[in-house]
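One structure below.
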Number of protein chains: 2
Amino acid sequence: MEKRRHLSVIIVEDNMFFRKTLLNVLEQSQHLHCLGAYESCEAAIRSLKRNDWQPDIMLMDIGLPGMSGIEGIPHMKKLAPDTRIVMLTIHEDHDNIFQAICAGASGYLVKDTPPDEIMELIAQIDRGGAPMNAHIAKKVLDLFQKMVTPTESYNLTQREKEILKLVVDGHSNRTIAEMIFLSPHTVDTHIRHIYNKLEVHSRSSAVAKAIRENLF
Amino acid sequence: MEKRRHLSVIIVEDNMFFRKTLLNVLEQSQHLHCLGAYESCEAAIRSLKRNDWQPDIMLMDIGLPGMSGIEGIPHMKKLAPDTRIVMLTIHEDHDNIFQAICAGASGYLVKDTPPDEIMELIAQIDRGGAPMNAHIAKKVLDLFQKMVTPTESYNLTQREKEILKLVVDGHSNRTIAEMIFLSPHTVDTHIRHIYNKLEVHSRSSAVAKAIRENLF
DNA sequence: CACGGTATCACGTAAATACGTGAGATTGTA
DNA sequence: TACAATCTCACGTATTTACGTGATACCGTG
């Protein structure tokens with residue numbers, strides 16, 4: 001760790017064995033000191049409320065009994081806005097990676113990671129990175145791609161896509177007609193075709209579907 | 001590398017020095033063989049068209065002269081759908097990370113990565129991961145969070161959010177009124193307030209803004 | 001208590017939308 | 001060549017929307 005300043009860490013993990021193990025690993029370094037190790041979000045929150053320090057880094061289990069790690073993130077963010085939260089996960093687990101990202105997690109630590117990699121991960125966090133192993137990263141990328149890839153094309157023609165885009169941008173039929181040099185009637189017709197293909201019966205629904213499914 | 005099967009790789013990188021260096025690194029391993037090293041997307045595409053093999057992995061510079069690495073991705077995906085594409089980037093560079101993700105990149109390799117990490121990265125790709133360093137990962141997470149976090153709340157009241165939600169779902173004022181037991185006039189009034197707060201003048205614009213900025 | 005914010009409701013009108021129905025022109029394809 | 005798809009335009013009408021301009025009522029705060 002190039003920076004020789006101290007980093008404070010807290011651990012939130014219900015499994016006592018893993019909590020102790022983690023604690024031992026962290027205490028190996030002179031540059032880290034663990035301010036607390038809790039077995040539940042609730043306990044960690046109580047402690048943060050009682051004291052007035054904020055840890056630099058929090059290692060928090062994702063699957064906690066009671067308040068889950070994910071539910072806990074917003075609370076932690078409120079009590080300690082600058083604390084970077086690393087989620088502890090088993091394997092390369094599941095969907096709630098998405099939830100955790102949305103809530104503002106700063107990294108992922110798989111539980112069977114060897115000690116030296118854990119230390120390296122802490123260092124990366126300190127450097128402003130968001131460490132995660134390649135499998136977690138894969139899941140994140142897949143999520144991303146799913147969000148931006150059109151679910152279905154609905155066989156919209158070029159003209160229809162063009163007009164749909166203008167509709168989404170909030171233009172009226174008359175305005176659209178002027179913009180692309182058509183009769184308002186023609187625009188009307190195109191929009192009807194769009195409605196048919198998208199199976200909707202109103203502008204709002206078409207706009208919603210277009211944006212949500214990344215049409216055009 | 002636990003799997004002892006051969007992996008085929010191609011390199012697309014305009015800087016000759018780095019291309020050669022990379023080639024040397026890869027050739028160290030008996031489990032890899034490099035099917036080609038090109039200085040442009042165009043050259044790589046020509047080669048893929050001419051031959052009928054598909055490499056397992058493609059290492060492609062993001063900032064290529066002519067067709068950029070990002071523009072190249074869709075072509076490559078077409079010619080070699082199963083090839084996993086790793087983007088080569090300088091530093092932890094910029095915004096087009098987003099573009100690359102959308103296009104379907106499977107990982108990021110920063111150019112000053114030491115040889116052993118490059119080999120490890122290849123192994124991770126082979127295991128189905130999407131390797132990237134912590135800084136790149138941070139950018140991805142930040143992007144993600146920006147996508148799902150409301151830009152601004154616009155001070156919508158609870159009632160207004162409720163009605164906005166129904167509007168987004170494509171309901172008419174009359175229907176909304178029936179659903180939440182109000183006079184259509186009241187719904188109309190609420191919607192006017194929503195328009196004022198969102199600074200729009202049409203249902204479509206309100207819907208678009210609501211969805212895009214994750215209101216409600 | 002007065003005031004601001006919220007929620008409720010009403011009347012009226014001009015504009016926009018949704019949709020039925022029909023039709024000519026072009027273009028690619030079977 | 002015939003057919004399907006696309007793009008273009010038109011008339012008419014019922015419904016919906018957008019907005020001006022009111023009003024009453026509740027509630028919390030200064």
Side-chain angles (χ1 to χ4, degrees), chain A residues 78 149-216, chain B residues 49 74-75 78 150-216:
Chain A
K78 193 152 207 166
T149 304
T151 318
E152 200 180 341
S153 81
Y154 294 101
N155 291 316
L156 293 179
T157 67
Q158 205 47 53
R159 202 52 155 171
E160 284 160 358
K161 283 184 202 169
E162 182 185 4
I163 289 177
L164 179 53
K165 169 115 193 57
L166 295 170
V167 169
V168 168
D169 286 344
H171 300 288
S172 72
N173 292 358
R174 193 180 48 73
T175 315
I176 294 173
E178 283 166 9
M179 285 194 288
I180 57 178
F181 310 106
L182 286 181
S183 154
H185 296 300
T186 308
V187 174
D188 178 69
T189 305
H190 282 303
I191 290 182
R192 294 185 211 202
H193 293 157
I194 294 171
Y195 287 2
N196 281 331
K197 292 183 179 177
L198 301 194
E199 294 177 283
V200 297
H201 302 277
S202 74
R203 219 157 239 258
S204 303
S205 304
V207 168
K209 203 153 189 167
I211 296 180
R212 290 207 164 111
E213 307 193 14
N214 270 90
L215 275 28
F216 54 84
Chain B
K49 276 187 181 159
H75 294 87
K78 194 152 206 163
T151 318
E152 200 181 340
S153 80
Y154 294 101
N155 292 316
L156 292 178
T157 67
Q158 204 47 53
R159 201 52 154 173
E160 284 161 358
K161 282 185 202 168
E162 183 186 3
I163 289 176
L164 179 53
K165 170 116 192 60
L166 295 170
V167 169
V168 168
D169 286 344
H171 300 288
S172 73
N173 292 358
R174 194 179 48 73
T175 314
I176 294 174
E178 283 166 9
M179 284 194 287
I180 57 179
F181 309 107
L182 288 179
S183 154
H185 296 299
T186 308
V187 174
D188 179 69
T189 305
H190 282 302
I191 290 182
R192 294 188 211 201
H193 293 157
I194 294 171
Y195 286 2
N196 281 331
K197 291 182 180 178
L198 302 194
E199 295 176 284
V200 297
H201 303 278
S202 75
R203 223 158 234 259
S204 302
S205 304
V207 168
K209 204 154 188 166
I211 297 180
R212 289 206 165 113
E213 307 194 13
N214 270 91
L215 275 28
F216 53 83

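Letters A, B, ... mirror the listed sequences (proteins, then strands); counts begin at 1.
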ask   = Within the modelled atom types, does a donor on one side and an acceptor on the other bring the side chain of A:D188 and the base of D:dC9 under 3.5 Å apart?
value = no
d([atom1], [X]; [atom2], [N]) in whole Å:
{"X": "B:I194", "N": "C:dT6", "atom1": "CD1", "atom2": "C1'", "answer": "13 Å"}
{"X": "A:E162", "N": "D:dT8", "atom1": "CD", "atom2": "C1'", "answer": "14 Å"}
{"X": "A:R159", "N": "D:dT8", "atom1": "CZ", "atom2": "C1'", "answer": "9 Å"}
{"X": "A:H185", "N": "C:dA25", "atom1": "NE2", "atom2": "P", "answer": "18 Å"}
{"X": "B:L166", "N": "D:dT17", "atom1": "CG", "atom2": "P", "answer": "13 Å"}
{"X": "B:Y195", "N": "D:dT16", "atom1": "OH", "atom2": "P", "answer": "15 Å"}
{"X": "B:E178", "N": "C:dC9", "atom1": "CD", "atom2": "C1'", "answer": "17 Å"}
{"X": "B:H171", "N": "D:dT15", "atom1": "NE2", "atom2": "C1'", "answer": "18 Å"}

request  = Decide yes or no on side-chain contact (heavy atoms from CB on, under 4.5 Å) for B:R159 and B:E162, but give the supporting numbers first.
outcome  = CA-CA 5 Å; B:R159 201 52 154 173; B:E162 183 186 3; 2.9 Å; yes
With sugar-phosphate meaning primed atoms plus P, OP1 and OP2, does [X] contact a base, only sugar-phosphate, or nothing at under 4.0 Å between heavy atoms?
{"X": "B:R192", "result": "base"}
{"X": "A:L182", "result": "sugar-phosphate"}
{"X": "B:H201", "result": "sugar-phosphate"}
{"X": "A:T189", "result": "base"}

Residue mapping more 5' on DNA chain D - nearest nucleotide basis, A:I163 or B:I191 = A:I163
With A:Y154, the side-chain hydrogen bond (donor to acceptor under 3.5 Å, both in side chains) member among A:K161, A:K197, A:E213, A:E160 = A:E213
For [N], take OP1 and OP2 only and decide whether either is under 4.0 Å from a side-chain N or O of [X].
{"X": "B:T186", "N": "C:dA10", "result": "no"}
{"X": "B:R174", "N": "D:dT16", "result": "yes"}
{"X": "B:H190", "N": "C:dT8", "result": "yes"}

inquiry  = Can you give me the dot-bracket string for DNA chain C, 5' to 3', counting Watson-Crick and G-U wobble pairs with both distances under 3.5 Å, using [ ] for crossing pairs and | for partners on another strand?
reply    = ||||||||||||||||||||||||||||||
4.5 Å side-chain heavy-atom contact, [X] and [Y]:
{"X": "A:V200", "Y": "A:I194", "value": "no"}
{"X": "B:I176", "Y": "B:L182", "value": "no"}
{"X": "A:R212", "Y": "B:V168", "value": "yes"}
{"X": "B:S204", "Y": "B:V207", "value": "no"}

task = Verify side chain to side chain donor-acceptor pair (under 3.5 Å) between A:S172 and A:T175, making sure each step is shown before the conclusion.
result = CA-CA 5 Å; A:S172 72; A:T175 315; 2.8 Å; yes
